[in-house]
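Please read the structure below before turning to the comments.
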Amino acid sequence: DVQLQASGGGLVQAGESLRLSCAAVGFDINDDYYIGWFRQAPGKECEVVSLINRSTISTYYAGSVKGRFTISSDNAKNTVYLQMNSLKLVDTAVYYCAARRGPPPQYPPPEGGMEYWGKGTQVTVSS
């Protein structure tokens, strides 16, 4: 079974950067994994931020972060990163690492389309 551990959140000022890490354990070489990041701010729905296919390295970015965030996968370390640049106040949220096996029937998949979840890491952007 896949286990995910997210880290790297913190408090930064608008315009600064953070890098989140998601370390995974239990990947099966026979499965095609999609790994990514979701975020949820207080009072708001959980939304997909970015996804990456571990094998093809194809990526997805939400429109609100495209051009500012970069997702990458270090397969040797079984770790996915989210480099977040030019952070804005609206990026403040709890960020969750999530994964699923195989291509989702809906792309990008909603929260319910992911199989495995790590604990969230808080990202707070101040003025």
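Reckoned from all heavy atoms, side chains included, excluding hydrogens, waters and symmetry mates. Not measured: the values here are computed from a predicted model.
Among the candidates D31, V2, D28, N30, the single residue satisfying the side-chain contact (heavy atoms from CB on, under 4.5 Å) test with R101 is D31. Checking T92, V49, T121 one by one against R39, the side-chain contact (heavy atoms from CB on, under 4.5 Å) holds for a single residue, V49.
Considering only heavy atoms from C-beta on, D32 comes within 4.5 Å of N53 through its side chain.
Atom SG of C22 and atom CG of D74 lie 12.5 Å apart (nearest 0.5 Å). Atoms CZ and CG, on F69 and L82 in that order, are 6.0 Å from each other to the nearest 0.5 Å. The line from OH of Y81 to CH2 of W37 is 10.5 Å long, rounded to the nearest 0.5 Å. The structure places CD1 of I52 at 5.0 Å from OG of S73, a figure rounded to the nearest 0.5 Å.
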Candidate pair R68 and D91, rule salt bridge (charged side-chain N to carboxylate O under 4.0 Å, His left out), full reasoning:
CA-CA 11 Å; R68 298 188 297 121; D91 295 319; 2.8 Å; yes
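Under the 4.5 Å side-chain heavy-atom criterion for grouping Ile, Leu, Val, Met, Phe, Trp and Tyr, V125 is not connected to V90 through any hydrophobic cluster.
Panel note: side chain Y116, backbone I35; no donor-acceptor pair is recorded below 3.5 Å. Between the side chain of N75 and the backbone N or O of R54 there is at least one donor-acceptor pair closer than 3.5 Å. A donor-acceptor pair under 3.5 Å is formed between the side chain of T79 and the backbone N or O of K77.
Within 6.0 Å of the CD atom in Q5, the count of heavy atoms belonging to other residues, nucleotides or ligands does not exceed 12.
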Expected list for residues 10-21: side-chain donor-acceptor pairs under 3.5 angstrom, two or more places apart:
residue: E16; atom: OE1; partner: Q13; partner atom: N; Å: 3.0
residue: S17; atom: OG; partner: N85; partner atom: OD1; Å: 2.9

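When hydrophobic residues (I, L, V, M, F, W, Y) are linked wherever their side-chain heavy atoms come within less than 4.5 Å, the members clustered with V48 are Y34, F38, L51, Y60, V94, Y96, Y107, M114, W117.
Scored by the ring-ring contact (aromatic ring centres under 6.0 Å, His included) test, F27 finds Y33 as partners (sequence neighbours excluded).
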